Amino acid sequence: MNYWLMKSEPDEFSIDDLMACPNQTEAWHGIRNYQARNFMRDMMQVGDQAFFYHSSCKVPGIVGIVEVVTRPYPDSSAFNPNSKYFDPKSDPAQPRWVSVDIRFVEKFNDIIPLSLIKTLPQLADMYLVSKGSRLSIQPVTAEQWHAVLMLTR
DNA sequence: GCCAACGTTGGC
DNA sequence: GCCAACGTTGGC
């Protein structure tokens with residue numbers, strides 16, 4: 001059982017969009033970074049939990065919790081020329097990119113802003129606040145997970 | 001919109 | 001394998 005942080009631009013796919021999905025579950029498409037893919041492909045397990053993070057928006061921050069509900073499987077959007085995630089170099093016989101399905105667990109009453117996280121000593125080691133951090137899927141330690149949850153309770 | 005920090009590509 | 005050029009991410 002691992003903890004993660006997964007970024008999404010709310011203009012593209014917000015936690016409210018996830019809540020509105022059938023079974024409040026959706027495929028996590030479009031990971032096109034090898035390090036993020038490797039985390040997903042090699043480390044993610046059914047039952048893992050992740051913070052849902054809104055990026056590239058007015059108030060970036062953690063907005064809730066989701067759960068991984070499938071094993072990794074080939075990301076079909078890589079084979080779809082009409083998808084913005086199309087990758088002509090991904091061979092269907094040997095898929096380069098993977099997806100998992102995630103299910104909504106909880107939406108926090110208030111967003112936990114990145115600006116707040118940056119001020120907290122107990123979260124100073126989060127990958128999210130490390131210099132040059134760009135990964136859209138990041139591991140979170142149990143200590144960090146619980147420290148964040150403390151802010152919501 | 002700016003730009004720092006990364007990641008990827010491709011010539012050599 | 002090096003590295004310059006280019007592309008992307010994402011906070012501000």
Side-chain angles (χ1 to χ4, degrees), chain A residues 2-21 26-44 48-68 72-141 143-152:
Chain A
N2 302 303
Y3 296 112
W4 306 95
L5 180 144
M6 299 170 78
K7 292 182 187 173
S8 184
E9 300 185 18
D11 288 347
E12 296 289 332
F13 188 76
S14 71
I15 195 163
D16 292 323
D17 294 329
L18 178 62
M19 290 172 73
C21 288
E26 180 62 299
W28 202 256
H29 284 308
I31 297 298
R32 296 292 179 269
N33 170 284
Y34 289 105
Q35 208 176 341
R37 179 208 61 184
N38 292 347
F39 281 135
M40 192 158 48
R41 186 189 62 188
D42 304 333
M43 306 280 292
M44 268 196 181
D48 282 1
Q49 293 201 310
F51 289 132
F52 196 107
Y53 180 89
H54 282 176
S55 67
S56 292
C57 54
K58 192 159 188 178
V59 182
I62 298 171
V63 291
I65 296 174
V66 300
E67 183 174 349
V68 177
Y73 58 90
D75 183 347
S76 56
S77 68
F79 311 130
N80 176 5
N82 297 319
S83 169
K84 66 171 181 171
Y85 299 124
F86 177 58
D87 180 0
K89 284 181 257 179
S90 183
D91 174 6
Q94 220 167 5
R96 179 177 296 200
W97 306 112
V98 299
S99 296
V100 296
D101 288 0
I102 57 157
R103 182 169 60 211
F104 172 79
V105 173
E106 176 181 352
K107 180 182 176 181
F108 299 149
N109 290 327
D110 301 294
I111 188 171
I112 301 173
L114 176 63
S115 57
L116 171 65
I117 294 171
K118 282 182 167 175
T119 67
L120 301 176
Q122 68 270 33
L123 294 176
D125 290 333
M126 274 190 89
Y127 179 82
L128 183 68
V129 296
S130 71
K131 186 174 175 177
S133 146
R134 295 195 316 184
L135 276 182
S136 57
I137 296 181
Q138 318 173 357
V140 172
T141 69
E143 291 77 12
Q144 292 160 356
W145 181 268
H146 292 112
V148 169
L149 283 188
M150 288 288 287
L151 305 170
T152 72

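Lettering follows sequence order; numbering is per chain, from 1. Every value quoted in this text rests on a predicted model; they were computed, and no experiment measured them.
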- Task: Look at the aromatic rings of A:Phe13 and A:Trp28 and report parallel, tilted or perpendicular, splitting at 30° and 60°.
- Result: perpendicular
To the nearest angstrom, the OH-P distance between A:Tyr127 and C:dG11 comes to 12 Å
Quick note, A:Tyr53 side chain, CB onward, closest among B:dG7, C:dG11, B:dA5 is C:dG11
In short, A:Met40 meets A:Ile31 closest at the heavy-atom pair CE-CG1, 3.6 Å
A:Leu135 atom CG is separated from B:dT8 atom P, nearest whole Å, by 10 Å
note: A:Asp11, atom CG; C:dT9, atom C1'; distance rounded to Å ~ 15 Å
A:Met6 CE to C:dG10 P, in whole Å, measures 13 Å
Review point. Does A:Lys7 make a side-chain N or O approach to OP1 or OP2 of C:dT9 shorter than 4.0 Å?
Key: no
Task: Test ring pair (Phe, Tyr, Trp, His ring centres under 6.0 Å) applied to A:Trp97 and A:Tyr34, step by step - done: CA-CA 8 Å; A:Trp97 306 112; A:Tyr34 289 105; 4.8 Å; yes
Looking at every strand, decide which applies to A:Lys118 at a 4.0 Å heavy-atom threshold: base, sugar-phosphate, or nothing.
-> sugar-phosphate
Between CZ of A:Arg96 and C1' of B:dG7 the distance, given in whole Å, is 14 Å
Exercise. Is there a side-chain contact between A:Ser76 and A:His29, using heavy atoms and a 4.5 Å cut-off?
Worked result: yes
In whole angstroms, the gap separating C1' of B:dC6 from OH of A:Tyr34 amounts to 15 Å
Of the candidates C:dG11, B:dG7, B:dC6, the side chain of A:Ser56 sits closest to C:dG11
In whole angstroms, the gap separating P of C:dC12 from CZ of A:Arg134 amounts to 16 Å
Separation of C:dT9 atom P from A:Gln138 atom CD, nearest Å, is 14 Å
